[in-house]
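Report on the structure given below.
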Amino acid sequence: MQNNRFYITTAIPYVNAQPHIGFALELVQADALARYHRMLGDDVRFLNGSDENALKNVQAAEKAGVSVQDFVDEHAQRFQGLSDPQVLNISNDDFIRTTEERHVRGAQKLWSACKPEDIYTKTYDGLYCVGCEEFKAPKELVDGLCPEHKTAPERVAEENYFFKLSNYQSKLLELIESGAITITPSTRKNEVLSFIREGLEDFSISRSVARAKGWGIDVPGDPNQKMYVWFDALTNYITALGYADDAELFQRYWLENNQRIHLVGKGITRFHAIYWPAMLLSAGLPVPSTILVHGYVTVDGEKISKSSGNGIDPYTAVAQYRTDVVRYFLLREIPSGEDGDFSFEKLKTRYTGDLANGLGNLVQRTAVLAQTKISTSFTWDLESSERSAQWQLVHADEEYHAAMNDFRLHDAIADVWKKIATVNQYINDEKPWALESGGQQRGILLHMIGMVLHIAWLLQPSMPETAQKIFASFGVAPTKELTSGTVLRIEKGEGLFPRL
């Protein structure tokens, strides 16, 4: 097993409506993790995609008066477009659509690979929430409504295939309690363990062709049934690696890799921490190693959702404030494992205080002072013995790395801003502009440049475009620390974050 190999995935959203800022949060968080591990030299594979076989997609297409295929094609493109460098700048290696042939064959292969004794048929009469694409027990409802979607489930009675989840109760407890499947934050782990200890019930893994309205993946050997959307959708994490053909990517990033990481919202933790591992165990495949669970983005304390119509379009936010500004806000303002609130007023406050007055001002004043007091081009010659206490403080990254590895992305980026404050204070204390030209002034300016470039290095996972611009301002390639003999070429240009 490779310890420096990471397979990172997001959940795949339904494409029954336009994407909202809540899913943008998940994409940006996963991208920051992927970029972080690449920055460290790790072998990373990063996946996202779209869930296209859900009944809610069929209903949305009917409402729009278009074919289901045309509907999902259009909306999947909108979700895929979020990765564009001009939108959220997501560095995914692949985008899986569950209508693709590679996925269809892989999902059917996994079904057939499950132990025969784990799949059986029975007639079922229950309450089905289309929003969750899940049967609900009466005890899970609040005043007769789904607590997630605030709608009354439909009564459904039909013969379906079921998966014997109860066969895996003890094994799932063992895996999660031991940390073989790590669930972060711990509150989500405790919720999952509590749910398992209450006793696992078998769950439906198919629906009739009639109720599916002919849309979805056929159950192997039974043309009258379509796969239940969750059984189908969860398999995307391996079908995208070529599971259907036992491809090299599947070998490399699933079978021969001990870092199989899913990043999902808290509303679907159960599917990823219970259903999905049980399906894999039945098929004789490795289970995910880590499930990172984020909270919801809220507006005035209410969850943003497509069904409630209060979603904020990430395309609109980016068009108004630029990509890295939106990325920064989502990573800094919203605690990684908890809920957080989005508003344009808060975004503007962060822009002005943290970005324009903080980072932008630091980079601009450093570049201007270097250009005017040293030269537009010069060689780095600061020796380690000359480095100040402030230098050591800015280059102390233990807190940053610990936060990134613990899925506390908000704490990691907050640590960078502590460093920004330290350098700004150093400049104010030393006042290099007031010193006569010479060794002391040059040493202070080199300290400033070295600390700014180290900050840029740490910003690469969260604000990749901004980090690149900072390195370009000093004419050097991205690096953790400059080495003796490196030639710097100062191009101060326009400020990173013009005042609004």
task: Report yes or no: is the cationic atom of Lys109 (NZ for Lys, CZ for Arg) under 6.0 Å from the centre of the six-membered ring of Tyr243, at an angle within 45° of the ring normal?
output: yes
query: In terms of side-chain geometry, is the basic nitrogen of Asp31 or Arg327 positioned less than 4.0 Å from the acidic oxygen of its partner?
result: yes
- request: Determine whether the aromatic ring centres of His75 and Phe79 lie less than 6.0 Å apart.
  value: no
message: Under a 3.5 Å cutoff, is there a donor and acceptor pairing between the side chains of Asp42 and Asn4?
response: no
task: Give a yes or no on whether a salt bridge exists between Lys115 and Asp118, defined as a side-chain N under 4.0 angstrom from a carboxylate O.
output: no
query: Would you call Arg97 and Glu100 a salt bridge, taking side-chain N to carboxylate O under 4.0 Å as the test?
result: no
- prompt: Is it true that the NZ or CZ of Arg260 lies under 6.0 Å from the centre of Tyr253's six-membered ring and within 45 degrees of the ring axis?
  reply: no
query: Judged by modelled atom types alone, do Ser343 and Glu345 share a side-chain donor-acceptor pair under 3.5 Å?
result: no
- prompt: Side chains of Tyr328 and Leu459: does their closest heavy-atom pair fall under 4.5 Å?
  reply: no
- prompt: Any side-chain heavy atom of Pro314 sitting closer than 4.5 Å to one from Val87?
  reply: no
field: Under-4.0 Å salt bridge between Asp245 and Arg105
entry: yes
- prompt: Side chains of Tyr275 and Leu165: closer than 4.5 Å at any heavy-atom pair?
  reply: yes
task: May I ask you to establish whether Arg350 and Tyr321 are in a cation-pi arrangement, using a distance under 6.0 Å from NZ or CZ to the six-membered ring centre and at most 45° from the ring axis?
output: no
Student check: side-chain heavy atoms of Leu33 and Leu292 closer than 4.5 Å: yes
query: Less than 4.0 Å between a side-chain N and a carboxylate O, is that true for Glu62 and Lys213?
result: yes
message: Run the salt bridge (charged side-chain N to carboxylate O under 4.0 Å, His left out) test on Arg197 and Glu177 for me, step by step, so that the C-alpha distance in whole Å, both residues' side-chain angles and the decisive distance to 0.1 Å come before the verdict.
response: CA-CA 12 Å; Arg197 290 174 183 137; Glu177 287 177 337; 2.7 Å; yes
message: Is there a side-chain contact between Asn48 and Thr9 in this structure, where contact means two heavy atoms from C-beta onward sitting under 4.5 Å apart?
response: no
field: Donor-acceptor pair between Asp73 and Gln77 side chains, under 3.5 angstrom
entry: no
- request: State, without any angle test, whether Gln460 and Arg35 hold a side-chain donor-acceptor pair at a distance under 3.5 Å.
  value: no
- prompt: Got Glu26 and Leu263 here, is their nearest side-chain heavy-atom distance under 4.5 Å?
  reply: yes
